Amino acid sequence: MDFPRAVPLAIFLLVAAVTVLSVFSIERGERIRASAELQRQAQLMVSAVERRAYSNSSFLRAGAALFGAQDEITATLFRQFVSELRLDADYRGAEGIGWAPAISASQADEFEQQLNRGKVGLLGIEPSLEKSYRSQLVPILYLQPDTLRNRRALGFDMYSEPVRREAMDRATRTVRPTATGRLTLKQEGRAEGSGFLIYMPVFDGAGAGRTLKGFVYSPFNASQFLDSAAELSTSSEASVRLYDIMDGKRLLMAETAAWSEEGETVAREVDLANRRMVVVVQSKREAALSPLSMITLLFGLAVASLLLVVARLLTQQAQEDSRSLEWFAQQNSIRNSLTRELNHRVKNTLANVLSIVSLTRRRAASLDEFAEGIDNRIRALSATHDLLTQSEWGTTPVLSVVLVELAPYTNESDHEVVTEGPDVELAPNDALSLGLALHELATNAAKFGALSMPGGRVSIVWELVNENLARIEWVESNGPRVDLPRKRGFGTDLIEKIVAHELRHPVELEFHPEGVRCTLLVPVREPSEFSLRSVRKAAARGH
């Protein structure tokens with residue numbers, strides 16, 4: 001079976017296409033799985049943020065309940081309360097817990113005395129009342145743990161700043177822990193850093209006649225808070241950002257490490273202490289193919305390449321087998337044609353021999369004359385056969401036939417043989433017939449004509465009458481006078497009967513006194529008629 005050359009490539013492309021589809025399906029499944037995992041991580045992160053905020057709110061509610069029941073909140077009471085909360089173990093992400101009483105401007109001096117009690121150096125309310133008149137003040141009195149960082153915030157009037165003031169007013173109205181928007185903590189000093197605070201109002205009394213006593217609050221560094229919340233989610237395959245929403249716009253508060261501008265993200269709103277914020281979780285999954293996809297791709301390409309090689313080998317083998325079968329079929333056809341051609345030529349040769357024998361027998365006066373005539377004519381026929389054999393029974397030039405038949409006379413110095421004509425090729429049978437005619441004419445000229453005496457001249461001239469026919473003229477001169485023969489000889493019968501029959505054109509044989517003239521018309525065969533032999537040669541060279 002002969003496979004088209006495109007079959008190996010088609011097999012390779014088919015397997016490659018199946019591999020690509022498989023990789024595409026695997027990647028699609030991986031994306032769906034990654035998207036689902038990202039959704040889960042986002043939900044876990046929202047829960048973690050809310051849990052951190054809820055834990056802080058619980059502490060602040062407890063502080064509000066305790067401080068609301070006390071007539072005076074002393075430093076000792078506040079430290080004892082904070083120490084019981086075990087902030088180091090349960091309150092990660094926050095800067096601590098603080099107390100800020102709600103006072104009027106007339107109580108500022110009393111507050112500063114209480115703030116500086118037991119401390120080295122004097123602290124005052126910031127910003128100073130001398131710079132701006134404020135009727136309501138909420139300065140920071142206590143902030144635990146007592147660190148150098150937290151001491152920077154003592155005395156700061158949080159009600160003087162709009163973001164903090166808005167959160168405290170909302171906490172007072174709702175009586176719930178309320179977070180501020182994005183701001184910079186006083187603990188940061190001159191450094192930049194995002195943070196927020198959660199306030200819980202403390203009231204003196206109950207019902208409609210209650211009065212605002214102050215705020216229990218917690219300051220948070222946004223990055224630390226986000227990191228502590230991220231630790232509650234079990235996966236490290238995502239990055240997280242926390243945004244505050246103000247006036248419909250997102251304000252970045254913090255982000256975990258390894259955040260990039262590319263990658264799939266999921267946004268979730270979170271209620272962080274009575275304030276709406278947004279958590280954005282980004283997948284860390286790289287755009288490269290997953291391990292399973294890489295294995296599938298490499299395996300598929302390996303299989304496709306292997307099948308390509310195997311199919312190519314099979315195709316080449318099939319093509320070679322097909323060419324071999326064609327060559328054998330061609331050889332068989334050539335063999336049959338050559339057999340038919342050989343049979344035809346053998347029959348023609350035998351017919352010529354039988355005709356020569358028959359004519360020679362009738363004209364011979366003795367057995368020796370018969371034997372000599374048969375021998376000479378068979379030798380002439382053999383000489384032409386040798387010439388045809390040298391050309392592998394292809395076309396034979398007229399000049400070659402003439403030279404072979406006149407070879408015994410061309411080297412003699414006492415007479416002249418002239419040959420002239422274009423390059424004309426003859427078919428094998430026609431070359432044999434022409435050779436017989438030239439042999440008889442040469443024999444007759446050697447016995448009785450121009451070749452029988454010194455100075456004799458024989459001219460053989462040929463020309464193309466048309467593309468299918470050539471005229472060959474034998475002319476003798478300078479020989480003995482020629483008389484019209486009294487009876488027809490063997491040579492005349494051979495030329496006018498056998499040769500004319502084989503050439504399929506009449507032969508003009510004239511006996512002029514100055515010499516014999518003979519005109520033959522010989523068919524010129526087209527090269528295509530002998531293409532069989534060239535095909536056989538080409539096939540032999542190919543194998």
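Just so it is clear, the structure is predicted and the values come from calculations on it, not from any experiment.
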Answer whether the closest heavy-atom distance between the side chains of [X] and [Y] falls below 4.5 Å.
| X | Y | value |
| --- | --- | --- |
| Leu183 | Leu197 | yes |
| Met45 | Leu226 | yes |
| Asn150 | Pro145 | yes |

> Where do Arg164 and Glu161 land on the salt bridge (charged side-chain N to carboxylate O under 4.0 Å, His left out) test, with the steps shown first?
Replying inline: CA-CA 6 Å; Arg164 292 174 172 83; Glu161 197 273 319; 3.2 Å; yes
> Hey, are Gln41 and Glu37 close enough side-chain-wise for a donor-acceptor pair under 3.5 Å?
Replying inline: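 A donor-acceptor contact under 3.5 Å links the two side chains.
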> Does a donor on one side chain sit under 3.5 Å from an acceptor on the other, for Gln317 and Asp321?
Replying inline: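 Per modelled atom types, Gln317 and Asp321 side chains form a pair under 3.5 Å.
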>> Tell me whether the count of non-hydrogen atoms from other residues, nucleotides or ligands lying under 6.0 Å of CZ in Arg504 goes above 12.
In response: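 Enclosed: over 12 neighbouring heavy atoms sit under 6.0 Å from CZ of Arg504.
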> Within a reach of under 6.0 Å around CD of Gln316, are more than 12 heavy atoms found that belong to other residues, nucleotides or ligands?
Replying inline: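 More than 12 within 6.0 Å, yes.
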>> Checking side-chain hydrogen bond (donor to acceptor under 3.5 Å, both in side chains) between Glu95 and each of Lys186, Arg149, Gln187, which is the one that passes?
In response: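 The option that passes is Arg149.
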>> Among residues at least two apart in sequence or on other chains, which ones pass side-chain contact (heavy atoms from CB on, under 4.5 Å) with Asp169?
In response: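 If we apply the side-chain contact (heavy atoms from CB on, under 4.5 Å) test to Asp169, skipping adjacent residues, the hits are Tyr159, Arg165, Arg173.
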>> Holding to side-chain contact (heavy atoms from CB on, under 4.5 Å), I want the full list of residues that pass it with Tyr243, two or more places apart in sequence or in another chain.
In response: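 Listed in chain order: Arg241, Arg250, Leu252, Val278, Val280.
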>> side-chain contact (heavy atoms from CB on, under 4.5 Å), that's the test. Do Val417 and Ile460 meet it? Break it down for me.
In response: CA-CA 8 Å; Val417 177; Ile460 304 98; 4.2 Å; yes
>> Would Val522 and Leu469 count as a side-chain contact (heavy atoms from CB on, under 4.5 Å) here? Give the steps.
In response: CA-CA 6 Å; Val522 184; Leu469 193 65; 5.9 Å; no
>> Run the side-chain contact (heavy atoms from CB on, under 4.5 Å) test on Leu438 and Leu406 for me, step by step, so that the C-alpha distance in whole Å, both residues' side-chain angles and the decisive distance to 0.1 Å come before the verdict.
In response: CA-CA 8 Å; Leu438 293 177; Leu406 295 178; 5.7 Å; no
>> Looking at every heavy atom in both Val507 and Cys518, which two are closest together, and how far apart are they?
In response: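 Taking every non-hydrogen atom into account, CG1-SG, 3.6 Å.
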> Relative to each other, are the rings of Phe225 and Phe220 parallel, tilted or perpendicular (30° and 60° limits)?
Replying inline: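 Because their plane-to-plane angle is over 60°, the rings of Phe225 and Phe220 count as perpendicular.
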> side-chain contact (heavy atoms from CB on, under 4.5 Å) between Ser218 and Phe59: does it pass, once the steps are laid out?
Replying inline: CA-CA 9 Å; Ser218 287; Phe59 295 143; over 6 Å; no
> Do NZ/NE/NH1/NH2 and the carboxylate oxygens of Glu269 and Arg276 come within less than 4.0 Å?
Replying inline: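 A salt bridge links Glu269 with Arg276.
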